Amino acid sequence: MGVAIRAAGEGDRELVVRLLDEAFQDDPVSGWVFPGAEDRRAKHPGLMAAFTDIVLADGRIDLTEDGSACALWLSMPADDHGGDAEDDGPAQVRQAVDPDNERVETIGRLTAAIHPSERAHEYLWMIAVAPGRQGEGLGTALIESVLDRCDRQGLPAYLEASSARSRKLYERLGFELAGPVLDLPENGPAMWPMWREPRTRKA
């Protein structure tokens, strides 16, 4: 039986923020941005809310019908390089979420700097599955629904894996390492930029 998926709207905002917060509380990158557990519990939801608002405005959030998993996608045009030093998006997120935390801005600037810009592509910014539902194939179903469209339209896809476990999942879906591993500063964790070429369908 397939997984029912729909596009999330403004009415789903709190659900999406809660899903992201729960799924990423123990993520290595979230732990680097907010090193203290108490601080992370307090401020991490605000960062997830900022990301949710950006994608609700400019991208697409896919949500399983039962509300147990979501995926945040942005359609990136060619030559739209987010690593521009003039881009004040990361600084705005930091100001809104945690002005005293430089790492909130740093993570945005570092990932933007390695983001491919030569070709239009679909960017999987984040994917979250409720902790009690992980391992059921929900994340794979969410990703494959967009990858199928990418294949039909001849579009590549891109993401940054934030853990070795997620990297293995993405490799199974056809993603490959797309450049040097991003090692976050101050003994931070690694992030793996990954790219997937569209697959041509044989008649």
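Residue numbers run from 1 in the order of the sequence given. Bear in mind that the values here come from a model prediction, so they are computed numbers and not experimental data. Heavy-atom basis, side chains included; hydrogens, waters and symmetry copies ignored.
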Do side-chain atoms of [X] reach the backbone of [Y] as a donor and acceptor pair under 3.5 angstrom?
| X | Y | value |
| --- | --- | --- |
| W195 | L159 | no |
| R13 | T52 | no |
| R196 | L173 | yes |
| T64 | A69 | yes |
| R167 | A161 | no |
| D12 | G9 | yes |
| E22 | A130 | no |

- Item | Single-linkage hydrophobic cluster, 4.5 Å side-chain cutoff, L169 and L147 together |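 L169 clusters together with L147.
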
- Can you get from L155 to W125 by hopping between Ile, Leu, Val, Met, Phe, Trp and Tyr side chains that sit under 4.5 Å apart?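 Unlinked, L155 and W125 end up in two clusters.
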
[atom1]/[X] to [atom2]/[Y] distance, rounded to the nearest 0.5 angstrom?
| X | Y | atom1 | atom2 | value |
| --- | --- | --- | --- | --- |
| D39 | N101 | CG | CG | 7.0 Å |
| R172 | I143 | CZ | CD1 | 10.0 Å |
| F24 | R40 | CZ | CZ | 13.0 Å |
| L142 | I127 | CG | CD1 | 5.0 Å |
| C70 | I5 | SG | CD1 | 11.5 Å |
| E171 | K168 | CD | NZ | 6.5 Å |

So, are [X] and [Y] salt-bridged, with charged N and O less than 4.0 Å apart?
| X | Y | result |
| --- | --- | --- |
| D66 | R133 | yes |
| R18 | E14 | no |
| D100 | K43 | no |

Would you call the rings of [X] and [Y] parallel, tilted or perpendicular, taking 30° and 60° as the class edges?
| X | Y | answer |
| --- | --- | --- |
| Y170 | F175 | perpendicular |
| H44 | F34 | perpendicular |
| H121 | Y123 | perpendicular |

Are [X] and [Y] packed together at the side-chain level, in the sense that at least one heavy-atom pair is separated by less than 4.5 angstrom?
| X | Y | result |
| --- | --- | --- |
| L20 | L72 | yes |
| M48 | M126 | yes |
| R103 | P35 | yes |
| E122 | R149 | yes |
| R119 | E197 | yes |
| M76 | Y158 | no |
| D62 | S145 | yes |
| L184 | V33 | no |

- Check step by step if side-chain contact (heavy atoms from CB on, under 4.5 Å) holds for V55 and V16. CA-CA 11 Å; V55 181; V16 170; over 6 Å; no

Atom [atom1] of [X]: over 12 foreign heavy atoms under 6.0 Å:
| X | atom1 | result |
| --- | --- | --- |
| Q134 | CD | yes |
| D26 | CG | no |
| E65 | CD | yes |

- Task: Kindly determine whether I61 and L56 satisfy side-chain contact (heavy atoms from CB on, under 4.5 Å), including the steps that lead there.
- Result: CA-CA 7 Å; I61 299 178; L56 279 173; 3.8 Å; yes

- Query: Cut-off 3.5 Å, side chains only: do E160 and T111 have a donor facing an acceptor?
  - Reply: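 Side chains of E160 and T111: no pair found under 3.5 Å.
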
- Message: Using side-chain contact (heavy atoms from CB on, under 4.5 Å), reason through L177 and W192 one step at a time and then give a plain yes or no.
- Response: CA-CA 7 Å; L177 197 62; W192 292 268; 3.7 Å; yes

- Message: I'd like to know whether I54 forms a side-chain contact (heavy atoms from CB on, under 4.5 Å) with V93, so could you lay out the CA-CA distance, the side-chain angles of the two residues, the decisive distance to 0.1 Å, and finally the verdict.
- Response: CA-CA 10 Å; I54 289 168; V93 170; 4.2 Å; yes

